[in-house]
Amino acid sequence: MNFDLTEEQIDIKDAVRDFCEKEFTDELMREYCEREEFPWELSRKAAGLGFIGIHFPEEYGGQGYGYFENAIVTEEMIRSNPELGIPLVFADFGTELILRFGTEEQKEKYVPRIAKGEGLSAAAFTEPSGGSDISKRLETVALKDGDDFVINGSKTFITNANISDFIITICQTDPEASPPYRGQSIIIIDNDTPGIEATLLKGKLGIKPSQTCEVAFSDVRVPQENLLGELNRGFYHTVDFLNESRIEIAAQGVGIAQGALDRAVDYAKERHLFGKPLVELQVVAHKLADMAIKVEAARLLTHKAAWLADQGRPDPLISSIAKTYSARAGVEVTDEAAQIFGGYSFLDEYEIERFYRLAKIIEIYEGAKEVQKNNIARCLIRL
Ligand SMILES: Cc1cc2nc3c(=O)[nH]c(=O)nc-3n(C[C@H](O)[C@H](O)[C@H](O)COP(=O)(O)OP(=O)(O)OC[C@H]3O[C@@H](n4cnc5c(N)ncnc54)[C@H](O)[C@@H]3O)c2cc1C
């Protein structure tokens with residue numbers, strides 16, 4: 001693994017930074033947050049520059065890069081502005097499942113529109129009775145009826161579900177299976193199918209432009225050809241997907257921590273107390289040093305996880321460690337940054353307020369930190 005970015009990767013990083021500096025204006029962010037509306041225009045522009053699905057193969061509209069470059073894009077967008085960056089990096093959430101397990105027809109039908117920014121994807125695993133236990137008997141049931149599946153049940157916290165082209169949904173296809181996870185399958189549900197009701201969950205702590213929804217399925221009829229991967233292997237496909245997709249979440253942690261550190265360094269240089277810049281108080285300087293240690297370590301772990309995935313050797317141990325460490329780094333670094341800003345961190349006029357507020361979610365979604373530690377321990381015991 002090379003610790004330096006290649007020239008091409010530096011160009012990608014610079015291009016994303018330029019894009020964010022130009023497009024992520026404070027005014028636009030406030031508008032989208034207030035309206036709790038997805039930033040379509042920004043998303044289309046980002047896709048036009050190749051930033052959405054940068055790791056998708058070129059034949060399906062992507063740029064043919066890997067998880068490493070996707071981590072670079074993610075970090076830069078979130079570092080610039082997490083309120084807008086997170087919705088954009090989730091524009092293609094779950095599409096990797098189609099690329100990994102889909103038929104040629106499914107890839108051609110669903111992926112290019114996402115990579116071009118013409119549509120969004122959604123992937124539904126979490127149910128109201130708990131998202132952490134993905135091995136349980138699912139409440140969302142898909143039963144065969146003629147050539148179709150008929151789906152009933154509900155999911156919650158589903159990103160993009162009210163505006164996506166399709167919802168990749170994990171369902172119980174064999175309600176009698178024991179253990180239950182051996183009877184789960186993944187089905188692509190076109191979002192215009194009758195019987196789907198997606199309701200936006202309003203009033204989130206942050207990332208309000210990201211559409212987080214409750215979804216109810218009532219007698220939703222889907223052709224059996226929409227099965228994604230193998231029947232009753234959905235749990236295993238989901239585990240494989242999450243092992244890789246959590247690398248992007250780790251990169252979100254790096255982005256939020258780096259963004260908070262940047263702002264804290266600038267502020268500590270400008271702010272004068274006791275007749276000198278804040279940064280000259282050793283306690284503050286050491287805080288900044290500790291924050292930088294966490295950011296660097298989080299980035300190295302994330303890059304290692306991404307590099308392994310790009311070598312065709314995704315490592316669940318490393319991706320869970322990267323996600324757990326980076327998410328914690330995000331929480332701790334934003335907390336210290338807020339401390340350095342003092343009372344000003346409490347005003348939404350200052351960017352640090354949003355970094356502090358948004359960091360927590362990275363420790364929760366795509367596997368809470370306790371779930372990650374279970375994964376890590378399981379890998380260690382197996383080793
Ligand atoms: C903004 C947002 C976007 C999201 N997007 C999506 C999406 O697109 N698709 C999707 O499917 N889901 C999505 N989620 C759901 C998210 O993945 C879940 O919230 C998460 O997996 C936790 O599930 P839960 O909220 O049901 O908490 P629960 O499963 O009820 O867990 C609650 C808490 O219990 C603790 N806990 C859980 N398991 C263990 C354990 N084994 N040992 C010890 N402690 C434990 C953890 O602290 C955990 O936070 C999203 C959530 C949010 C908030």
Side-chain angles (χ1 to χ4, degrees), residues 32-33 36 38 74 78 82-98 114 120-140 153-172 181 184 186-189 191 196 198-217 228 234-235 237-239 241-243 245-246 248-250 252-253 256 320 323-324 327-328 330-331 354 357-378:
Y32 282 118
C33 286
E36 303 205 19
F38 182 77
T74 302
I78 281 113
E83 291 282 25
L84 292 172
I86 293 178
L88 291 201
V89 301
F90 276 148
D92 58 7
F93 181 60
T95 306
E96 295 91 345
L97 273 161
I98 301 180
I114 307 304
L120 304 176
S121 56
F125 309 102
T126 307
E127 298 197 333
S129 62
S132 300
D133 183 6
I134 59 166
S135 65
K136 66 177 180 151
R137 197 172 302 283
L138 299 170
E139 299 148 44
T140 307
S154 60
K155 299 279 179 185
T156 195
F157 291 126
I158 308 309
T159 303
N160 300 335
N162 55 342
I163 49 173
S164 61
D165 284 10
F166 51 87
I167 308 174
I168 299 168
T169 307
I170 188 151
C171 307
Q172 195 73 37
Y181 61 83
Q184 298 177 354
I186 301 177
I187 298 172
I188 308 173
I189 307 177
N191 215 344
I196 304 174
T199 312
L200 185 65
L201 295 167
K202 290 200 163 203
K204 294 199 299 282
L205 183 61
I207 51 164
K208 290 185 182 178
S210 185
Q211 306 289 290
T212 312
C213 303
E214 215 160 52
V215 191
F217 302 103
L228 182 56
F235 170 79
H237 297 338
T238 302
V239 169
F241 162 71
L242 292 174
N243 281 341
S245 74
R246 73 171 65 96
E248 181 177 299
I249 310 299
Q252 292 187 13
I256 210 148
S320 278
K323 200 261 185 187
T324 312
R328 183 90 299 247
V331 171
R354 79 182 71 114
R357 194 163 36 81
L358 267 59
K360 186 62 198 168
I361 189 56
I362 303 172
E363 280 204 308
I364 295 173
Y365 56 32
E366 281 200 53
K369 60 183 171 182
E370 295 83 354
V371 172
Q372 301 305 330
K373 285 188 186 171
N374 285 346
N375 290 346
I376 294 165
R378 220 174 288 125

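Just follow the structure's listing: the first ligand is 1, and inside any ligand the first atom is 1.
- Under 4.0 angstrom from ligand 1, the non-hydrogen atoms of Asn374 all belong to its side chain.
- Of all atoms in ligand 1, numbered sequentially from 1 with element shown, those under 4.0 Å from a heavy atom of Phe125 are 10 (C), 11 (O).
- Evaluated by nearest non-hydrogen atom to atom 29 (O) of ligand 1, the leading choice among Pro128, Gly206, Ser132 is Ser132.
- A donor-acceptor pair is defined here as one N or O able to donate and one able to accept, closer than 3.5 Å; such a pair exists between the side chain of Thr140 and the backbone of Ser154.
- Near Ile158, the atoms of ligand 1 lying under 4.0 angstrom from a non-hydrogen atom of the residue are 7 (C), 8 (O), 9 (N), 10 (C), 11 (O).
- At a heavy-atom cutoff of 4.0 Å, ligand 1 is contacted by the side chain of Val371 but not by its backbone.
- Ligand 1 places these atoms under 4.0 Å from at least one heavy atom of Ala123: 7 (C), 8 (O), 9 (N), 10 (C), 11 (O).
- Counting heavy atoms closer than 4.0 Å to ligand 1, residue Ser210 contributes nothing at all.
- Among Lys204, Glu370, Lys155, the residue whose heavy atom lies closest to atom 36 (N) of ligand 1 is Glu370.
- With atom 48 (C) of ligand 1 as the reference point, the heavy atom nearest to it among Cys213, Ala368, Gly131 is part of Ala368.
- Taking the six-membered ring for Trp and the full ring otherwise, Phe90 and Tyr365 have centroids separated by under 6.0 Å.
- Residue-to-ligand polar distances place Thr159 within reach of ligand 1: an N/O pair is separated by less than 3.5 Å.
- Annotation: side chain of Leu242 is in contact with side chain of Ile134 (closest heavy-atom distance under 4.5 Å).
- In this structure a side-chain-to-backbone donor-acceptor pair under 3.5 Å is missing from Asn191 to Ile167.
- Each of the following atoms of ligand 1 lies closer than 4.0 Å to a heavy atom of Phe93: 7 (C), 8 (O), 9 (N).
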Going through the distances and angles, do Ser210 and Lys204 end up as a side-chain hydrogen bond (donor to acceptor under 3.5 Å, both in side chains)?
-> CA-CA 10 Å; Ser210 185; Lys204 294 199 299 282; 5.2 Å; no

Begin from the C-alpha positions of Glu96 and Ser245 and carry the test side-chain hydrogen bond (donor to acceptor under 3.5 Å, both in side chains) through to its verdict.
-> CA-CA 8 Å; Glu96 295 91 345; Ser245 74; over 6 Å; no

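- Near Glu366, the atoms of ligand 1 lying under 4.0 angstrom from a non-hydrogen atom of the residue are 17 (O).
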